[in-house]
*Asks:* 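I have a structure here, written as structure tokens, and I will follow up with some questions on it.
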Amino acid sequence: PTLKEEYKTGDRFKASRRRKPFHPYNEQFNERVSLIQADITTLKVDAIVNAANETLLGGGGVDGAIHRAAGRELKEECIDLNRKGGCRTGDAKITRGGRLPADYVIHTVGPIGERKQLLESAYKSCFEIFSKNPRDPGRQLKSIVFSNISTGVYGYPRYPAGHVALETAWKWLKDHKDLNQVERIIFCVFEDENKIVYEDLIPLYFPPP
Ligand code: AR6
């Protein structure tokens, strides 16, 4: 369900009236943003975002899960990207999704520790790739699911990271007023701790009416 639907049923985001929102209610935004708690490798969307490292060759956490589920095809594309220099921190690259239900994986590299500009840059790079799809420029992407970049092994504190994710998404939506392309921006949380963070922070950026 989108935020708009969830706000209507009223059983989530009770924290919404606790603090004054940073931005006013925006129906279009709330129709496009949602929160889900899931294993990101199970989601059938246009693109999922991987929290990778600069080699793009796989690792632990969500990166490991994505590589395992996607199989050889994705691995080979990643090896190819690695030969071309991998991916710098704050940047992003795209591959097809291999055996994943998602069509594409946008691999980004978040900072180690709380370095706000680099995390912001990672989210922005994902949005840029999402709107252009350099892997297959003819195929416009409409839905994107973000994992909680840098909040695992890389140790970015959860609340500050949640603020960066939501603020960057809000800014991106604001700067792309011709929203015909984007259907869904989904934040995928895995652990309960991050679910709590997003339930607390979403109403500040995407408040209910
Ligand atoms: N689905 C969705 N989210 C997940 C999943 C999953 N299957 N598994 C873990 N998460 P992390 P980082 C969440 O450590 O901090 C790797 O080794 C997890 O709960 O995966 O950016 C890379 O190769 C956490 O909230 O990524 C890098 O070396 C979030 O994903 C390094 O870790 C990110 O945690 C990157 O560290």
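All ligand and atom numbering here is 1-based and tracks the order in the structure.
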*Asks:* Could you tell me the residue and atom name of the protein heavy atom closest to atom 21 (O) of ligand 1, and the distance to it rounded to 0.1 Å?
*Replies:*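 Scanning the protein heavy atoms, the shortest distance from atom 21 (O) of ligand 1 goes to Ser150 N, 2.8 Å.
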*Asks:* Within the 4.0 Å heavy-atom shell around Asp63, which atoms of ligand 1 are there?
*Replies:* 22 (C), 23 (O)
*Asks:* If the cut-off is 4.0 Å to any non-hydrogen atom of Val62, which atoms of ligand 1 fall inside it?
*Replies:*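 Those atoms are 1 (N), 2 (C), 3 (N), 4 (C), 5 (C), 6 (C), 8 (N), 9 (C), 10 (N), 20 (O), 30 (O).
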*Asks:* Looking at Asn53 and Gly58, would you say the former's side chain and the latter's main chain have a donor-acceptor pair under 3.5 Å?
*Replies:* yes
*Asks:* Under 4.0 Å from a heavy atom of Ala65: give me the atoms of ligand 1 that qualify, with their elements.
*Replies:* 7 (N)
*Asks:* Between Tyr205 and Trp170, is the gap from one ring center to the other below 6.0 Å?
*Replies:*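 Ring centres of Trp170 and Tyr205 not closer than 6.0 Å.
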*Asks:* Show the numbers, then the answer: is there a salt bridge (Lys or Arg N to Asp or Glu O under 4.0 Å) between Glu73 and Arg99?
*Replies:* CA-CA 8 Å; Glu73 212 182 303; Arg99 288 204 309 259; over 6 Å; no
*Asks:* Check Val145, Asn194, Ile144, Leu166 against Phe187 for a side-chain contact (heavy atoms from CB on, under 4.5 Å) and give me the one that passes.
*Replies:* Leu166
*Asks:* Would you mind finding which of Glu191, Glu193, His107 brings a heavy atom closest to atom 18 (C) of ligand 1?
*Replies:* Glu191
*Asks:* Would you say Gly64 contacts ligand 1, with heavy atoms under 4.0 Å as the rule?
*Replies:* no
*Asks:* Do Ile129 and Tyr104 have side-chain heavy atoms sitting under 4.5 Å apart?
*Replies:*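 They are not in side-chain contact.
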*Asks:* Measure from the side-chain N and O atoms of Asn30 to the backbone N and O of Leu3, and report whether any donor-acceptor pair falls under 3.5 Å.
*Replies:* no
*Asks:* Tell me which protein heavy atom sits closest to atom 31 (C) of ligand 1, plus the residue, atom name and distance to 0.1 Å.
*Replies:* Tyr154 CE2, 3.5 Å
*Asks:* May I ask you to identify the nearest protein heavy atom to atom 33 (C) of ligand 1, giving residue, atom name and distance to one decimal place in Å?
*Replies:*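 Going by distance alone, atom 33 (C) of ligand 1 is nearest to Asn148 O, 3.3 Å.
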*Asks:* Short list, please: which atoms of ligand 1 are under 4.0 Å from a heavy atom of Ala51?
*Replies:*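 With Ala51 as reference, the close atoms of ligand 1 come out as 21 (O), 22 (C), 26 (O), 35 (C).
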*Asks:* Can you name the residues that form a ring pair (Phe, Tyr, Trp, His ring centres under 6.0 Å) with Tyr123, not counting sequence neighbours?
*Replies:* Phe146
*Asks:* Quick check on Gly110 - does any of its heavy atoms sit under 4.0 Å from an atom of ligand 1?
*Replies:* no
*Asks:* Using a strict 4.0 Å cut-off to heavy atoms of Gly60, name the atoms of ligand 1 that fall inside it.
*Replies:*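 Those qualifying, in numeric order: 16 (C), 17 (O).
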*Asks:* Under 3.5 Å between some N or O of ligand 1 and some N or O of Val153?
*Replies:*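 Yes, Val153 has an N/O under 3.5 Å of an N/O on ligand 1.
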*Asks:* Just do the side-chain contact (heavy atoms from CB on, under 4.5 Å) check on Asp91 and Val109 with the steps written out, would you?
*Replies:* CA-CA 6 Å; Asp91 207 352; Val109 183; over 6 Å; no
*Asks:* Can you find an N/O atom of Ile40 closer than 3.5 Å to an N/O atom of ligand 1?
*Replies:*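 Indeed, backbone or side chain, Ile40 has an N or O that close.
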*Asks:* Just to verify, what does His67 make a ring pair (Phe, Tyr, Trp, His ring centres under 6.0 Å) with, not counting sequence neighbours?
*Replies:*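 Counting only residues at least two positions away or on another chain, His67 forms no ring pair (Phe, Tyr, Trp, His ring centres under 6.0 Å).
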*Asks:* Testing Arg139, Lys142, Arg135, Arg96 one by one against Asp103 for a salt bridge (charged side-chain N to carboxylate O under 4.0 Å, His left out), which residue passes?
*Replies:* Arg139
*Asks:* Take Lys116 and Glu167 through the test salt bridge (Lys or Arg N to Asp or Glu O under 4.0 Å) and record every step on the way to the result.
*Replies:* CA-CA 12 Å; Lys116 186 171 179 226; Glu167 180 67 24; over 6 Å; no
*Asks:* If the cut-off is 4.0 Å to any non-hydrogen atom of Asn194, which atoms of ligand 1 fall inside it?
*Replies:* 25 (O)
*Asks:* Taking N or O atoms only and a 3.5 Å limit, does Gly152 qualify as a polar contact for ligand 1?
*Replies:*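 N/O-N/O distance below 3.5 Å exists for this pair.
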*Asks:* Can you tell me if Asp46 and Gln140 form a side-chain donor-acceptor pair at under 3.5 Å?
*Replies:* no
*Asks:* Which of the atoms of ligand 1 are close to Gly59, meaning less than 4.0 Å from one of its heavy atoms?
*Replies:* 17 (O), 23 (O)
*Asks:* Counting non-hydrogen protein atoms only, what is the nearest one to atom 3 (N) of ligand 1? Give residue, atom name and distance.
*Replies:* Phe190 CB, 3.4 Å
*Asks:* Quick one: does Thr151 get within less than 4.0 Å of ligand 1, heavy atoms only?
*Replies:* yes
*Asks:* Within the structure, does Ser147 bring an N/O atom to less than 3.5 angstrom of an N/O atom in ligand 1?
*Replies:*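 N/O-N/O distance below 3.5 Å does not exist for this pair.
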*Asks:* Any idea which atoms of ligand 1 are less than 4.0 Å away from a heavy-atom of Asp39?
*Replies:*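 Result: 1 (N), 6 (C), 7 (N).
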